[in-house]
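Only one structure is covered here, and it is reproduced in the block below.
A, B, ... follow the sequence lines: proteins, then strands. Residue 1 opens every chain.
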Amino acid sequence: MNVDEFVKAFGERFPEAEIRVSENKMPHPKRRVWVEIDREKFHDAMKFIKELDPKAQFSIIIGMDAGDRLLAKYHMEMFWEEGESLSLVIGTSVPKDDPKLPTVTDVFPSALPYERENQEFLGLFFEGIPDPRRLFLPDDFPEGIYPLRLDETGIKPEMVKNAGHPYKIKKEGSK
Amino acid sequence: MNGKLEYWVKIPIGPIHPALEEPEKFIITLDGERIINVDVKLGYNLRGLEWIAMRRNYIQILYLAERICGICSFSHNHTYSRAVEEMAGIEVPERAEYIRVIIGELERIHSHLLNLGVVGHTIGYDTTLHLSWLARERVMDILEAIGGNRVNYSINTIGGVRRDLEEKHIRAILDMIENYRNEVMPKIEEIFLYDPTVEARLRDAGVIPKRIAIEYSAQGPTARGSGVKKDVRYNEKLSVYPDLGVKPITPKEFTGVVKGDVFDRMVVRVGELWQSMELIERAIDQMPEGKIKAVPKDNTLLFQLKKAEGEGIGRYEAPRGELIHYVMAQKGKDVPAKWKMREPTFPNLFAIARALVGEQVADVPVAIASIDPCLSCTDRVAVVDANTGRKKVLTERDLLRLSIEKTRELNPNVRAKPEVVGVGCPRGGVL
């Protein structure tokens, strides 16, 4: 399946999705498909991708803070067995006061570490994630602090415990 | 609670070791000698690069990207440039693309030679380590002559390369390839393709079946060793690689079978060494004359990027697998709104963690080394019995000794002493 066939098939199944095809001017031109879709249809879209190509490979979740919304973009590599593969970026966005997305680990099991990463760094939560533990941040990192959010002010001094440091941290005013 | 539970033992391997470029921790649960569960914990060397990049401009991020990894420093730099070029629509001159191919393949040669040596070391064949790391010096010298540094050579920039290849560099590269063909590669092939002990030790260790490799998105030699014909240079029609005739290499072309074990991954690496040398020779033949930079001055480039809008993705086949960088522009600012990258070791770690289930603990060092995060030099291991609280600390030397003893068991004629020395970490007068 080439880019045009994919765009046609995807557009017929999800008419409300925004589909854009970009082309870069490398010595060998390469086309990339960018899709924007609502959160409600997102899980269905991922399932549809798996139906189109059962061997589609999941590469990365790019989560970012865009003011009042959180964006999540998923990169897929499809039809890699047919020589030139189809590179697809499928994105969705959620409001910041309700940052929840359906998990795609039932469709692409390799998405789990990326979902765990976004949960702890961006506060973008995935409903139904099988393993919600932290992956990068330490287990005693304060709850409710998301380092990659733009409005994050950081860890407050009273949250800092004596985190295994050999010397005790002196309280203010004490000698 | 059944009676069997008391044999379960949890072993944390890692996280800190000076020879690791990415500290990571594997928590292994054992039932006797068999591994029944593997858990991975990351983030011990989290440097917050994405956060740092929020206040760096496009040119400054080039140098930040290069410092993600010292071994594939060109790859990160190159992939980031590709993402920015796609975002801003910058056309790279053809000569620059050829130079990028040559540097990239030189880097692949040095990375694969390093890994072959490390795997040889983990099974107790230190001769392999000395042979391949000695050969690697020659590539490093050439990279130093071209870029000025042994690592972090900063040769790449947005829209081209910084330095041109001169006649003397090309002569040195061709000399090196001839030397490798005649002297180094026959020895390496003899060790990794035809030695019965190495085959007995590496066969059926850390097996990743093709289905698991696809399901867990394994990348690079890890995936190709399992028979997944996937290579970004080929799938993405990257740069000028289609003109050079690049094809994904699987062990089938060398040994006729694909099992997805450590041996197959090493066969892929040996094959890619041959392939890289061919690619360099063809690139040198076909390289045209011309400009090497799309925008000669950095100030002009920054001004042009300030006006850019949109987003771009750069992909490249680093020595370990597919590398992805994503850049989103912010109109009117020379700082990107978002820069995000993913290294190939990240998915490979989870694939190998899945594959280790059911293996022996003696195979852990070589299986983890085979995906190339150099975890074979694990610093210390604490064996804690979950029920009795009995604790025993195994150092790197103990773990390697276990591995070497297994080699000697398989072939009693190996004359190497079971004394082991850590890679790149002399301590306490051992050396």
Side-chain angles (χ1 to χ4, degrees), chain A residues 20 22-32 34 54-67 71 73 75-89 91 108-114 116-117 120-122 131 133-139 141 147-148 150 152, chain B residues 39-44 46 48 50-51 54 82 85-87 89-92 94 97-98 212-219 223 228-232 234-243 248 310-315 322 324-326 328 337-342 346-347 349-351 354:
Chain A
R20 181 165 66 86
S22 71
E23 183 166 358
N24 62 8
K25 298 170 257 172
M26 294 303 161
H28 296 274
K30 170 80 183 173
R31 296 168 83 194
R32 217 185 285 289
W34 304 76
K55 289 186 174 170
Q57 286 223 359
F58 177 92
S59 310
I60 185 174
I61 299 179
I62 303 146
M64 70 176 281
D65 185 351
L71 313 183
K73 291 170 194 285
H75 181 266
M76 305 275 160
E77 183 165 20
M78 299 172 71
F79 313 114
W80 46 267
E81 279 186 327
E82 302 167 12
E84 192 196 350
S85 63
L86 191 147
S87 161
L88 164 73
V89 184
F108 295 100
S110 59
L112 179 63
Y114 306 93
R116 284 168 73 183
E117 182 193 358
E120 59 188 343
F121 279 124
L122 202 65
D131 181 5
R133 287 174 307 152
R134 285 194 168 126
L135 180 64
F136 284 103
L137 293 177
D139 293 332
F141 194 79
L148 285 184
L150 295 180
E152 186 56 65
Chain B
D39 194 11
V40 185
K41 172 88 182 154
L42 301 170
Y44 291 95
L46 193 70
E50 281 171 48
W51 190 84
M54 285 176 186
R82 226 159 243 295
E85 282 153 17
E86 184 178 312
M87 182 259 296
I90 296 171
E91 272 185 79
V92 184
E94 209 174 343
E97 291 281 14
Y98 275 99
I212 297 286
I214 293 173
E215 197 172 287
Y216 280 74
S217 304
Q219 306 288 346
V228 179
K229 281 205 162 193
K230 195 161 165 296
D231 188 319
V232 176
Y234 169 72
N235 289 132
E236 175 98 353
K237 285 211 286 179
L238 190 84
S239 184
V240 290
Y241 277 110
D243 299 340
E311 48 199 340
I313 278 192
R315 298 171 69 206
E322 178 194 351
I324 290 192
H325 279 240
Y326 168 90
M328 187 190 240
K338 178 76 184 172
W339 170 52
K340 167 90 184 158
M341 64 290 187
R342 201 239 29 220
F346 192 54
L349 268 182
F350 293 94
R354 169 70 182 70

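Separating the CG atom in A:Asp65 from the CE atom in B:Met54 is a distance of 8.0 Å, to the nearest 0.5 Å.
Contact count versus chain A (heavy atoms, under 4.5 Å) is highest, among B:Ile313, B:Ile324, B:Asp231, for B:Ile313. Among B:Phe350, B:Tyr241, B:Tyr234, B:Trp51, the residue with the largest count of heavy-atom pairs under 4.5 Å with chain A is B:Phe350. Per-residue counts of heavy-atom pairs under 4.5 Å with chain B were compared for A:Glu82, A:Met64, A:Lys30, A:Glu81; the largest is that of A:Lys30. If you tally non-hydrogen atom pairs under 4.5 Å between each of A:Arg134, A:Lys73, A:Lys55 and chain B, the highest count goes to A:Lys73. Chain B forms the most heavy-atom pairs under 4.5 Å with one residue out of A:Ser22, A:Gly63, A:Ser59, and that residue is A:Ser59. Each of B:Lys230, B:Met328, B:Met341 has some count of heavy-atom pairs under 4.5 Å with chain A, and the biggest count is that of B:Lys230.
Residue contact with chain A, scored on non-hydrogen atoms closer than 4.5 Å, involves the side chain of B:Gln219 exclusively. Both the backbone and the side chain of B:Lys237 come within contact range of chain A, judged by heavy atoms closer than 4.5 Å. If you measure heavy-atom distances from B:Val40 to chain A, the contacts under 4.5 Å come from the backbone alone. At a 4.5 Å heavy-atom cutoff, the contact between B:Glu236 and chain A is made by backbone and side-chain atoms alike. Of the two parts of B:Arg354, neither the backbone nor the side chain holds a non-hydrogen atom closer than 4.5 Å to a non-hydrogen atom of chain A. For B:Asp243, the parts lying near chain A are the backbone and the side chain together; criterion is any non-hydrogen pair under 4.5 Å.
Using a 4.0 Å cut-off between a side-chain N of Lys or Arg and a carboxylate O of Asp or Glu, A:Glu117 and B:Arg342 do not qualify as a salt bridge.
Residues passing the side chain to side chain donor-acceptor pair (under 3.5 Å) test with B:Lys338 are B:Glu50, sequence neighbours excluded. Partners of A:Phe121 by ring pair (Phe, Tyr, Trp, His ring centres under 6.0 Å), not counting sequence neighbours, listed by chain and number: A:Phe136.
B:Asn235 contributes no side-chain N or O that, together with a main-chain N or O of A:Ser85, makes up a donor-acceptor pair within less than 3.5 Å.
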